[in-house]
Amino acid sequence: MAPKREKEAIPVVELDSDDDNGAGVGAPNQNNNASSTGAPPQATPQPQQQPLAPNCQTLDSRSFWKAGDYAVGPTARPYIAQGQLEHARVHPKFLHSNALRINGLLALIQSIFFLLICFLFAAIAELLDNAVDEVQNGATFVRVDKIDVVKDNSPALLFQDDGGGMDPEGMRKCMSLGYSTKKANTTIGQYGNGFKTSTMRLGADVIVFSRAIRAGKATQSVGLLSYTFLRRTGQDDVIVPMIDFDISGNWVEPITYGSQDDWTSNLKTILEWSPFASKEDLMLQFEEIGAHGTRIVIYNLWLNDEGIYELSFDDDDEDIRLRDEAAGGKSTKIQQKIQSHISYRMRYSLRAYASILYLRTFTNFKIVLRGKPIQQHYIKDDLKYLEVKTYRPQITTLNEVIVETTIGFIKEAPDLGVSGFNLYHKNRLIRPFWKVTADGSSKGNGVVGILEANFIEPAHDKQDFERSSLFFRLETRLKQMVNEYWKTNCHFVGYQPIGVRNLQKDQTFKPSVGVTPKDMHLDQTMAGLSDNVLQNDSRTKSSEVVMSSDNREPMSVDEICEENIQLFMRCEAQVQKETELRQMIENLEKELEMAKRKSAQLASYLETKRKQKIMKQPTGTV
C-alpha cells in the first residue's frame, strides 16, 4: 500500500478527571465551542520532553508492590495556553495507587496468597469483561495469549477482540480516568476505571491498537499508557501519546489536530517506549486486528520479590498460571482431591477461573486462551441432592424480584470441606465460594450454592458487593438456606442431624414385633455407628457447647446461631407484614376516596335529574 501524504499529528494528551467533558477527558479544547463534526477536540501543545533529572528515581523495581515507593518532589506550574482553563492534573503515581484498589477490602479478610491471585485474575477479568461488553457490537471472540517482545525477548500479555473497536474519541475516553460510555443495563463495566487499574496491575506499560467504523468513516488509533515512560522522564502529569489514521480510502492518512512536529514527537515517543521499533511494526499490528476490533499488549510484566514473573507461561502451554507454592512435594489422596476441585484450581489457573467467570454460556462468543477455547464449567453439575430455593428481596420496584438459588452437596462430600455460595451479578462472578457459616463448625461442610444477585450493586473492583442493607439481608437468608438444607439432607453424606446428640448413648434397641434377627443386627450396627459419630462429634464440638446459667439444657453455638436467625427472620416477617398492612390501608383509603367521589357525582347527577323533572312538569291552576 503506497504511503500517502501525512497530515498533522495528534499531540500528547494530558489526562484529567472531568467526567463531564463529552469530548473525552485528556484532549482539552483550545476554545469552548464543541466541534460539530464529532472529531476529538484540540489539545494543549506538547511541551518539550524534559531530560531525566539527576534526582529523578527511575523504575528500578519491577515489583508491583514497590513500584510506587518513590518520593514526589516539587513540580513546576504547567504552561496554560491562552484562552484555556487550568485543569486538574493526575500524577503518574496515581496509576499505581489506583491499581491497588482492585482488592483492598480482600486484603483484610483473605490470605496473602489468595489476595495475590485475586489481584491478578481480577485484573484479567476486567479486560475480559470489556470484550464481553463488545458482544452487542458484534464481537465473536476474545483472544488471550502470551507474545514475546523482540526488543528484550521478554514476555507480554495480549488481549484481542473483534468487537466494534474505538474511534479516536473512544480511544481518548478509554485512556481517561473515570469516564465510561457504558450505560446499558446489560453491560458489565460501568465505572470507567477497569482498563487503567487492570493493565497497570499486570504490567508497567500497555499499548492499545484499535480499528473502528463510525458513520461510514474507518479509523485506526494507537495509544500508549506507559508508567515506565512517565517515571523515567520525570513527568508530573499522566501523559498519553496517541496517533490516529483515516483508512476510509485506499491510503492510510494520519489524522492530526496540531503541528507536524507534534505528530512526529508522538510517534517517536511511542516507538521509543513501546515494544515496536518502527512505524511499519505498528502498522502490522492492525493487520492482526482485521476490519474492526481492539488489540491490547501489556508489557514489562511485574515480577515478584524473587525476581520471577508473577504469571507463569511455562507450566502449561494452554494456560496462564500463578506459581502454586502450596502444590510442591508429595500430596496425599485427599490433597490431590482438593487440588483437582474447581474451587482450588481457580486460584492458580486462569483457564479454570475463566471457566466459571460467567454463569451462562455465550451464544456466538468464545474466550480463546493460548489458542484453545475455554470450556464453560457449570458448578451445578458438581453437586448432588440438588434443591432450588427462592428468595424475595424487599426492594422498592414495580415488579417483584424473585431470586432462585441452587444448593446442594459437592459430589466429593464429606471427604472435601469445600463450601460456600457463588454469587453472580449480570452473569459475572463476583464472590466465588463465599462461606456464610461459622468457621470451625461442621455444619454446612460440602454445601455449595449458585445464584445471580442483580438486585445488589457490586463494588468497583467487581470482587465483592457494596455493604448495603440488601446485602446483609441476603447474607442472613443464605445462612438460613444452609441451615434448612443441612437439617434435611446432611444424613445423606454421613453427617448427623441436629438433635441426635441429645440421645442417650447407652440406649438399647429393642426389636419390634415382626423384626427378624437380620434386621435386629442391622439396627445394632447402625446404633454402633451412631455411637461412633456421637463420640467424634462430641470431640469436635466440645468447645461449641454453651452452658446456661439456669437449669435449662445446654445449647451449642450452632443452635444459638440458628435460634438467632429464626428470631431475625420472624422480625423480618413482622416488618414485611407491617409494610403489607400499611399498603393495604393506603389502598383502602384510596378506594374509600374514590367511592366518596363516585357518591358525590351520583348525588349531583340525581339532583340534576330531579330539577329537570320538576321543570318539565305542567303548571297547574290554583
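Predicted model only: the values in this text are computed from it and were never measured.
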Should we say atom [atom1] of [X] is surrounded by more than 12 heavy atoms from elsewhere, each under 6.0 Å from it?
X    : atom1 : result
K337 : NZ    : no
Q375 : CD    : no
D381 : CG    : yes

Check against side-chain contact (heavy atoms from CB on, under 4.5 Å), K443 and N483: CA-CA 8 Å; K443 181 188 291 186; N483 290 333; 3.1 Å; yes

Return the minimal non-hydrogen interatomic distance between [X] and [Y], and the atom names on each side.
X    : Y    : answer
K196 : K173 : NZ-O, 4.3 Å
G444 : T437 : CA-CG2, 4.5 Å
L429 : L423 : CD1-O, 3.7 Å
L474 : L451 : CD1-CD1, 4.1 Å
Y391 : R477 : CD1-CG, 3.3 Å
A413 : G446 : CB-CA, 4.4 Å

Student check: side-chain heavy atoms of [X] and [Y] closer than 4.5 Å:
X    : Y    : answer
I430 : K462 : yes
Y344 : V418 : no
R172 : V240 : no
Y353 : I320 : no
D319 : Y348 : no
L311 : L157 : yes
H425 : N454 : yes
F121 : R347 : no

Cationic N near anionic O, under 4.0 Å, E578 to R582: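 Salt bridge flag = yes for R582 with E578.
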
Any sub-3.5 Å donor-acceptor pair from [X]'s side-chain atoms to [Y]'s backbone N or O?
X    : Y    : result
N427 : R360 : yes
N422 : F433 : yes
R351 : L369 : yes
E134 : G164 : yes
D205 : Y227 : yes
R345 : S340 : yes

Taking atom [atom1] of [X] and atom [atom2] of [Y], what is their separation to the nearest 0.5 Å?
X    : Y    : atom1 : atom2 : value
T199 : I298 : OG1   : CD1   : 5.5 Å
E457 : F465 : CD    : CZ    : 9.5 Å
R431 : Q463 : CZ    : CD    : 10.0 Å
D316 : S349 : CG    : OG    : 7.5 Å
K372 : D145 : NZ    : CG    : 14.0 Å
E310 : L303 : CD    : CG    : 7.5 Å

After noting the C-alpha distance and the side-chain angles of V144 and L128, does the key distance pass the side-chain contact (heavy atoms from CB on, under 4.5 Å) rule? CA-CA 9 Å; V144 184; L128 293 179; 3.7 Å; yes

Residue of the set M200, M175, E126 for which side chain to side chain contact (heavy atoms under 4.5 Å, CB included) holds with F195: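 Going through the options one by one, the only one that passes is M175.
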
Check step by step if side-chain contact (heavy atoms from CB on, under 4.5 Å) holds for S355 and I342. CA-CA 9 Å; S355 69; I342 187 65; 3.9 Å; yes

Answer with yes or no whether the side chains of Y358 and D129 bring together a donor and an acceptor at under 3.5 Å. yes

Strictly by modelled atom types, are H341 and D382 linked by a side-chain donor-acceptor pair under 3.5 Å?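 Side-chain D/A pair, H341 to D382: absent.
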
Could you label the plane-to-plane angle of the Y385 and F409 rings as parallel, tilted or perpendicular, counting under 30° as parallel and over 60° as perpendicular? perpendicular

Return the set of residues passing side chain to side chain contact (heavy atoms under 4.5 Å, CB included) with L588 (not counting sequence neighbours), or none when no residue passes. M584, E591

Partner set under side chain to side chain contact (heavy atoms under 4.5 Å, CB included) for K389, not counting sequence neighbours: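 Residues passing side chain to side chain contact (heavy atoms under 4.5 Å, CB included) with K389: E387, I407, M481, E484, Y485.
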
Report the C-alpha distance between S469 and F472 in whole Å, list the side-chain angles of each, state the deciding distance to 0.1 Å, and finish with yes or no for side-chain contact (heavy atoms from CB on, under 4.5 Å). CA-CA 5 Å; S469 59; F472 291 117; 5.6 Å; no

